[in-house]
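Scroll down for the structure; my scribbles are underneath it.
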Protein chains: 2
Amino acid sequence: MTRRPELHRPEPPRSEPRPGAPTLATVAAEAGVSRQTVSNALNSPELLRPETLERVQEAIERLGYSPNRAARNLRTRASRLIGLKVAPAVEDSANALMDRFLHSLVESTRDAGYHVLLFTGSPTPQPGPEVPVDAPEHVEAPDPLDGYDELLRSAAVDAFLVTDTYLGNPQAAWLEERGVPFVAFGRPWGDPRARHPWVDVDGRAGVMLAVDHLVERGHERIAWVGWQKGSYIGEDRRSGWTDRMHDHGLSTSRLSARGDDTLDFGRRAAHALLDSEQPTAFVCASDTQAMGVMRALDERHLRPGRGLSVVGFDDSLAAQVSTPGLTSVRQPLEQVAVEIVTLLGDLLAHRPIQELGRTLTPTLSVRSTT
Amino acid sequence: MTRRPELHRPEPPRSEPRPGAPTLATVAAEAGVSRQTVSNALNSPELLRPETLERVQEAIERLGYSPNRAARNLRTRASRLIGLKVAPAVEDSANALMDRFLHSLVESTRDAGYHVLLFTGSPTPQPGPEVPVDAPEHVEAPDPLDGYDELLRSAAVDAFLVTDTYLGNPQAAWLEERGVPFVAFGRPWGDPRARHPWVDVDGRAGVMLAVDHLVERGHERIAWVGWQKGSYIGEDRRSGWTDRMHDHGLSTSRLSARGDDTLDFGRRAAHALLDSEQPTAFVCASDTQAMGVMRALDERHLRPGRGLSVVGFDDSLAAQVSTPGLTSVRQPLEQVAVEIVTLLGDLLAHRPIQELGRTLTPTLSVRSTT
DNA sequence: GGCGCGGTCTGGATCGTTCAAATGATAACC
DNA sequence: GGTTATCATTTGAACGATCCAGACCGCGCC
């Protein structure tokens, strides 16, 4: 706009290295200030005189400058990356939470100036020439902590998001022990001493919603199809069923089935329950099991709906598109992501965290099966 | 196990800066060599004398050293990160490819010494103090290229993986124009001049599999339920139907319906086709539409199976767990991921790429609906 | 006039790694 | 024996950002 054609480099004074992305020094020269001033313009603009700031910003825009991440990371000892371990995709299950959660998470992290780095366990051969170092320990059972250590020591990420905290998560304790910053999606179930931040969804309350919904529709013999004992999450969800049933003065006796989180178990459990106890409704610990119940009903030529109801858990895509549509407990994953990123921000800025854990309440997506 | 208690650092020789992760220099001192030698031990071990190498490796292990990523990135001008833009999760559709693909991708990249960085479009406020710079251009329509530029200029990623190449993908052309290294999942449909590497799945062949399968079971009136004209992918898949039908000497006349990729369109299309043309089988461009067809059948109290068949596309979890199980065309996503990473590797190593595009053949997951 | 002061801005050092070139040691050759 | 080649290792200088200490400026006050 306003001309300042003083230095238009009619010829390169020193042979510039190809197109070479602009650096702080380039911008500084262009704006006629020092490197540090450009740096301040980006990181602490309130330190600059307005007119200087404008001049620098113009130069930045003109050159299309973005600060080099590696250099910044090196100097500040922060990568602005959050590590997330992706678990193997499970087939033949409805459990596709990841999609929905991931997008929310990436959005939330972006707003906080972070990015998500995905990694996975199993042998991580050092990048570099393939020297098959005969490392016997790599042959052992898959270590749930695998991958975390390396990323942390190399300062590749600032913090982790730990999602698979079921089963008394060993890695939470391990990470905490090492002072690794991380937030867990899932309560530190078995560990009252845990001092790390976490976000979780109140599965118990979700199941209670389901029970209330069914009672409203006149059901009294409401069965539970859930996971084996030993799963904290499973027991938590189940407690929503038992407690709420009792609240309503209903019996839970002989109405509970526990087994694997598979379609087939749901199917067999439904058959068994129908044979012996004639329940009129099923509440399940997962959509996968619920789909199994649906299959059993189908095999008996029974139609889920008002008279015979099924409720799942997770509001998976399968629940949404199957026929009939499956009523299901929906986790507020978008909100979970926001909370997690908030906690991560506090953690990394060393801000004090008031409440270590936050529990969010799910909702019920009502469809044709109830 | 074997004891090596020689240096138990009884007191810090020089005031060490807190725990302070070990650096090259630390390891060098420990092993009694120079920094560069340690670096070589990691990156070009063949340069070292075996005994020196072993000594250095021991020191590395003893100190638990991992090279600092930021420093390495800065020096080598490479981040060993692949950028992947995540699209908004779509609800009420069966399209949950991402889960399965993502895991394979992360595994493949790990084996190649890379990681996946997720990002998303929309306003990316500069990380740093919240100065609400009134940037009017941020208010405009969502730019599909948004995010790429910034990550590239800041050298945050080495290359991109572009997945949403349907609809004549503008960003592929844009990235190519700027010389950005990237690989596309999806052919450069409308652009014969495209010179970037890509991997794709032969949807046409997949649909042909479906048609063959149905013809084998005695079907002759096989209908198509697909997407609107204008979608390259949609037309490609549809061509598998028309061509294969004709190969079998079957008519396609009036047996085709096109519309949105929604459950409801599939449902309405099925009703309309059943009213007028009495098809005995449906081949669909997606599982979402197929689930719609299933719903229509259910509404007419028709049962999919041998006599009346439905085939979907994507082999989503919904197809797997719904009742009855939906026969569906399955994309070899694991293989896609491997090919993509191979291409990315070649690209980044500036190795010549023989064939720019690779097309993989899907399979058919047969279930109860056929 | 000298001093202190807060607000701006600058120059040098630094983060931890790899690159390029130099060094020392050892063997090979005529 | 001296020159050359080869190997193993070291040394110094980058990469591009931020941190730190200090310089400069104009101003008000004693």
Side-chain angles (χ1 to χ4, degrees), chain A residues 14-56 59-60 63 65-80 126-129 153-156 158, chain B residues 16-18 20-56 59-60 63-80 126-129 153-156 158:
Chain A
R14 297 156 304 193
S15 69
E16 281 196 309
R18 297 305 141 70
T23 73
L24 265 193
T26 322
V27 178
E30 178 85 6
V33 295
S34 75
R35 295 190 321 267
Q36 183 60 44
T37 303
V38 180
S39 175
N40 286 338
L42 291 167
N43 301 314
S44 320
E46 75 279 4
L47 292 179
L48 300 206
R49 215 167 27 186
E51 77 186 60
T52 316
L53 179 57
E54 194 182 353
R55 193 151 41 99
V56 174
I60 289 177
L63 295 173
Y65 167 77
S66 292
N68 182 295
R69 221 89 155 198
R72 172 178 277 182
N73 293 352
L74 174 58
R75 189 62 245 232
T76 61
R77 301 167 169 287
S79 65
R80 304 205 75 96
Q126 268 303 80
R153 287 190 316 203
S154 63
D158 292 344
Chain B
E16 280 194 310
R18 297 306 141 69
T23 73
L24 267 192
T26 323
V27 178
E30 179 86 4
V33 294
S34 74
R35 293 190 320 268
Q36 183 61 41
T37 302
V38 181
S39 176
N40 285 339
L42 291 166
N43 301 315
S44 320
E46 75 279 3
L47 292 180
L48 299 206
R49 212 167 32 187
E51 78 186 60
T52 316
L53 179 59
E54 193 183 354
R55 192 151 41 98
V56 174
I60 289 176
L63 295 174
Y65 166 78
S66 292
N68 182 295
R69 222 89 157 196
R72 173 178 276 183
N73 294 352
L74 175 59
R75 186 65 247 227
T76 62
R77 301 170 165 288
S79 64
R80 304 205 75 97
Q126 268 306 81
R153 287 191 316 204
S154 63
D158 292 343

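Note: hydrogens, waters and symmetry copies are ignored here, and every other heavy atom, side chains too, is used. Letters go in sequence order (proteins before strands), and every chain restarts at 1.
- Here the side chains of B/Leu24 and B/Ser39 are in contact, with some heavy-atom distance below 4.5 Å.
- In this structure, CG of A/Leu47 is placed 16 Å from P of D/dA21, rounded to the nearest angstrom.
- The distance between atom CZ of B/Arg72 and atom P of C/dC15, rounded to the nearest whole Å, is 19 Å.
- At least one side-chain nitrogen or oxygen of A/Thr52 sits closer than 4.0 Å to the OP1 or OP2 atom of C/dC9.
- Note that CG of A/Asn68 is 12.5 Å distant from CZ of B/Arg153, once rounded to the nearest 0.5 Å.
- In terms of heavy atoms, A/Ala78 sits closest to A/Asn73 at O-OD1, 2.9 Å.
- For A/Asn68 and C/dT17, the CG to P distance is 17 Å, given to the nearest whole Å.
- The CD1-C1' distance, from B/Ile60 to C/dG16, rounds to 14 Å in whole Å.
- The separation between B/Arg49 atom CZ and D/dT6 atom C1' is 14 Å, rounded to whole Å.
- Taking only side-chain nitrogens and oxygens, B/Thr23 never comes nearer than 4.0 Å to OP1 or OP2 of C/dC15.
- Atom CG of A/Leu24 and atom C1' of C/dC9 are 15 Å apart (whole Å).
- Remark: B/Ser79 OG to B/Arg72 CZ distance equals 12.5 Å, nearest 0.5 Å.
- Minimum atom distance to the side chain of B/Leu74 is reached by D/dC15, of the listed D/dA17, D/dA8, D/dC15.
- Close to D/dT18, at under 4.0 Å from its OP1 or OP2, lies a side-chain N or O of A/Ser39.
- The interatomic distance linking B/Asn73 (CG) with C/dC15 (C1') rounds to 14 Å, in whole Å.
- Listed for the A/Ser44 side chain is no donor-acceptor partner under 3.5 Å among the backbone atoms of A/Glu46.
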Listing time: all N or O pairs from protein to nucleotides 10-14 of chain C that are below 3.5 Å?
from, atom 1, to, atom 2, distance (Å)
C/dT10, OP2, A/Ser34, N, 2.8
C/dT10, OP2, A/Ser34, OG, 2.9
C/dT10, OP2, A/Thr37, OG1, 2.5
C/dG12, N7, A/Arg35, NH2, 3.4
C/dG12, O6, A/Arg35, NH2, 3.1
C/dA13, N6, A/Arg35, NH2, 3.4
C/dT14, O2, A/Arg75, NH1, 2.6

**Prompt:** Does the side-chain contact (heavy atoms from CB on, under 4.5 Å) test come out yes or no for B/Val33 and B/Thr52, once each step is laid out?
**Reply:** CA-CA 9 Å; B/Val33 294; B/Thr52 316; 4.1 Å; yes
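- In this structure, CZ of A/Arg69 is placed 21 Å from P of D/dC15, rounded to the nearest angstrom.
- In this structure the side chain of A/Leu42 reaches within 4.5 angstrom of the side chain of A/Tyr65, judged on heavy atoms.
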